[in-house]
Amino acid sequence: MADTIQALVVDDEKNITDLLKLQLEEAGFSVNVANDGAVGINKIQGKRYDLILLDLKMPRINGIEVLKFAKENQPDSQVLILTGYGDIKTAVDTIKMGAFDFITKPYNFDELLVSIKNALEMRRLIVDNKVMKMQLGDRKYEIVGQSPALQKVVDVALKVAPSDASVLITGASGSGKELIAHLIHENSGRAKKPFVAVNCASIPDTLIESELFGHEKGAFTDAHSLKQGLTEIADGGTLFLDEVGDISYLVQPKLLRFIETGTFRRVGGTVEMSVNARIISATNKDIDHEVEEGKFREDLLYRLNVVHVEIPSLHQRREDIPLLVDYFLLKKQRARRAKKISPEALKLLMEYDWPGNIRELENVIERAAILATGEEITPEFVALTGKSKSPDLRRIPTRLSLAELEKIHIENVLKANGFNRTRSAQALGISLKTLYLKIKHYNINTPADKG
Ligand SMILES: Nc1ncnc2c1ncn2[C@@H]1O[C@H](COP(=O)(O)OP(=O)(O)OP(=O)(O)O)[C@@H](O)[C@H]1O
Ligand SMILES: [Mg+2]
């Protein structure tokens, strides 16, 4: 690296800052020191830092305040928390607030250096724009990828974000639909207002109307009190209709009317309510097919689909795989010595079809990083669910419909995982919920629930 890394050490114990300054300078960093939180904030105001090492417990202004200030004013700088054993719970919270990692005192400098290197490597990805970083409140969203296909998706999303146009996001399971929905919301004028996600597939048909639009007290047997609908909660913000292809046919006219007029009545209500919510929806279903089958209203689809964003599957943008692997390795390992992927293992990943897309890749990397005993992740630690790996298509009877094929595959994966649904869902790269729905839908026989 050509430029010297600029580091700031904030700790009220002078012997710690003295020692760290010495050690860090020996390692080639340029180091500034602050012995209390207020001075730390002043220094952050006055200069850009690549790296901030931060003590949590300090008199007057504590580390949390300094962290908040740093993340607001220098979002690109990486913060590592130094903490005593008593503060581990707080330290864990700081990760959610954007700290890269925490290290307990007394620290071992070699370990600290590993963590610093990981943090700076992550920073390089962010600064080079290979990772788009978004921060909303205390949640972080990061979009990784440089393929033209993904870049196009991000461009369209950013272009449409400031408008109020309805956006329909389509793409395979685990491809990043929800992530893109957040990207749109956060880059819109509504970013400070709620982002309310509704999973249309997980709410029973009988409840979806009152979930969306609320109900008056006594509207039906279980309506013991008045309930606000999610549309009301999304007022001023964004309503994200996830798995919209599964929404009950019965509620579709009401949803259509709401999108057209911004008005609705609560279940059992007489008063016309008016709400201003931007609609983003997502589905992994072939929704045109649903329309043809008469399961989804065409007029509703038109309203939802003013702008269409199609997220390419991971196998259509394989060039993003190495970057994603690096990113997930850094993200999962943090303080541990960064494991590297061997060329042979990477080759396996590049050739695999990734039916569960990014979510599946993330799981595979996480597992491999845990299982790999050495510094390197070699092929034997890369557990790809054999069955879904580029099957020899000639051997699958062509008379099978897609649905039949899906059913058989789910049965096989369930069997292979001893009917453990959590593991099976992971292997399939779908959510547990989706797996439950599919088991029900296909009427798959499973022995007593094994979790
Ligand atoms: N480009 C990306 N960079 C980094 N992480 C990503 C990227 N795309 C997706 N992810 C991560 O992969 C996981 C799955 O993404 P997400 O939930 O957005 O997918 P989805 O399309 O909504 O999936 P599903 O159809 O199962 O609902 C999330 O943890 C998300 O943060
Ligand atoms: Mg989703």
Side-chain angles (χ1 to χ4, degrees), residues 96 122 125-126 128-136 139-158 167-186 195-203 238-247 280-287 308-332 349 354-367 388 406 410 421-422 424-438:
K96 291 188 201 131
M122 181 68 99
L125 291 179
I126 292 165
D128 291 356
N129 245 331
K130 291 180 179 166
V131 176
M132 281 193 48
K133 211 182 173 87
M134 298 177 283
Q135 181 114 20
L136 175 71
R139 288 188 67 182
K140 268 191 318 192
Y141 301 96
E142 290 167 347
I143 300 185
V144 181
Q146 277 190 313
S147 59
L150 182 71
Q151 207 51 59
K152 211 172 108 194
V153 166
V154 171
D155 287 347
V156 174
L158 291 179
V167 181
L168 176 67
I169 305 170
T170 54
S173 166
S175 60
K177 297 185 290 297
E178 186 156 359
L179 198 62
I180 295 297
H182 278 289
L183 175 71
I184 295 173
H185 174 75
E186 278 155 44
F195 175 95
V196 178
V198 193
N199 188 323
C200 302
S202 68
I203 302 172
T238 302
L239 183 67
F240 177 50
L241 301 171
D242 202 0
E243 315 218 24
V244 74
D246 292 291
I247 199 165
I280 302 179
S281 42
T283 183
N284 56 17
K285 280 199 164 169
D286 177 352
I287 202 152
H308 181 199
V309 176
E310 163 83 29
I311 305 190
S313 294
L314 188 53
H315 70 81
Q316 293 169 305
R317 45 180 165 115
R318 292 182 192 275
E319 65 264 50
D320 285 340
I321 293 175
L323 204 57
L324 281 160
V325 170
D326 283 352
Y327 169 76
F328 287 133
L329 279 176
L330 281 171
K331 194 172 127 179
K332 300 291 169 195
L349 301 181
W354 299 109
N357 290 288
I358 318 266
R359 182 179 298 114
E360 187 184 5
L361 176 62
E362 182 168 2
N363 290 337
V364 166
I365 295 298
E366 183 169 15
R367 243 176 297 160
S388 51
E406 184 173 66
I410 292 174
R421 295 183 182 195
T422 310
S424 303
Q426 271 180 5
L428 288 161
I430 59 179
S431 68
L432 195 55
K433 188 106 227 168
T434 309
L435 179 61
Y436 271 97
L437 290 169
K438 288 196 187 287

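Just so you know, ligand 1 is whichever comes first in the structure, and atom 1 is the first atom listed for that ligand.
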Could you check whether any side-chain N or O of [X] sits under 3.5 Å from a backbone N or O of [Y], counting only pairs where one atom can act as donor and the other as acceptor?
{"X": "Arg317", "Y": "Pro312", "result": "yes"}
{"X": "Thr283", "Y": "Lys285", "result": "yes"}
{"X": "Ser147", "Y": "Leu150", "result": "yes"}
{"X": "Asn357", "Y": "Leu314", "result": "yes"}

All salt bridge (charged side-chain N to carboxylate O under 4.0 Å, His left out) counterparts of Glu362, not counting sequence neighbours: Lys331, Lys332
Distance, nearest 0.5 Å, that separates CD1 of Ile358 from CG of Asp320: 7.0 Å
Inter-residue atom distance Ile410.CD1 - Leu435.CG, 0.5 Å rounding: 6.5 Å
Nearest-contact summary for [atom] - protein heavy atom, Å:
{"atom": "atom 20 (P) of ligand 1", "result": "Lys177 N, 3.5 Å"}
{"atom": "atom 1 (N) of ligand 1", "result": "Val144 O, 2.9 Å"}
{"atom": "atom 23 (O) of ligand 1", "result": "Gly174 N, 2.9 Å"}
{"atom": "atom 22 (O) of ligand 1", "result": "Glu178 N, 3.2 Å"}
{"atom": "atom 10 (N) of ligand 1", "result": "Ile358 CG2, 3.5 Å"}
{"atom": "atom 17 (O) of ligand 1", "result": "Arg359 NH2, 3.3 Å"}
{"atom": "atom 16 (P) of ligand 1", "result": "Gly176 CA, 3.7 Å"}
{"atom": "atom 8 (N) of ligand 1", "result": "Leu179 CD2, 3.5 Å"}

Taking only heavy atoms of [X] into account, list the atoms of ligand 1 that are under 4.0 Å away from them.
{"X": "Asn284", "result": "25 (O)"}
{"X": "Glu142", "result": "3 (N), 4 (C), 5 (N)"}
{"X": "Ile143", "result": "1 (N), 3 (N)"}

Proximity flag Gly145 to ligand 1, non-hydrogen atoms under 4.0 Å: no
For Gly245 against Ile287, the heavy-atom pair lying closest together: CA-CD1, 4.1 Å
Glu362 and ligand 1 - part of the residue with a heavy-atom distance under 4.0 Å: side chain
Any side-chain donor near an acceptor of the partner, Asn284 and Ser173, under 3.5 Å: no
Atom 28 (C) of ligand 1: any protein heavy atom closer than 4.0 Å: no
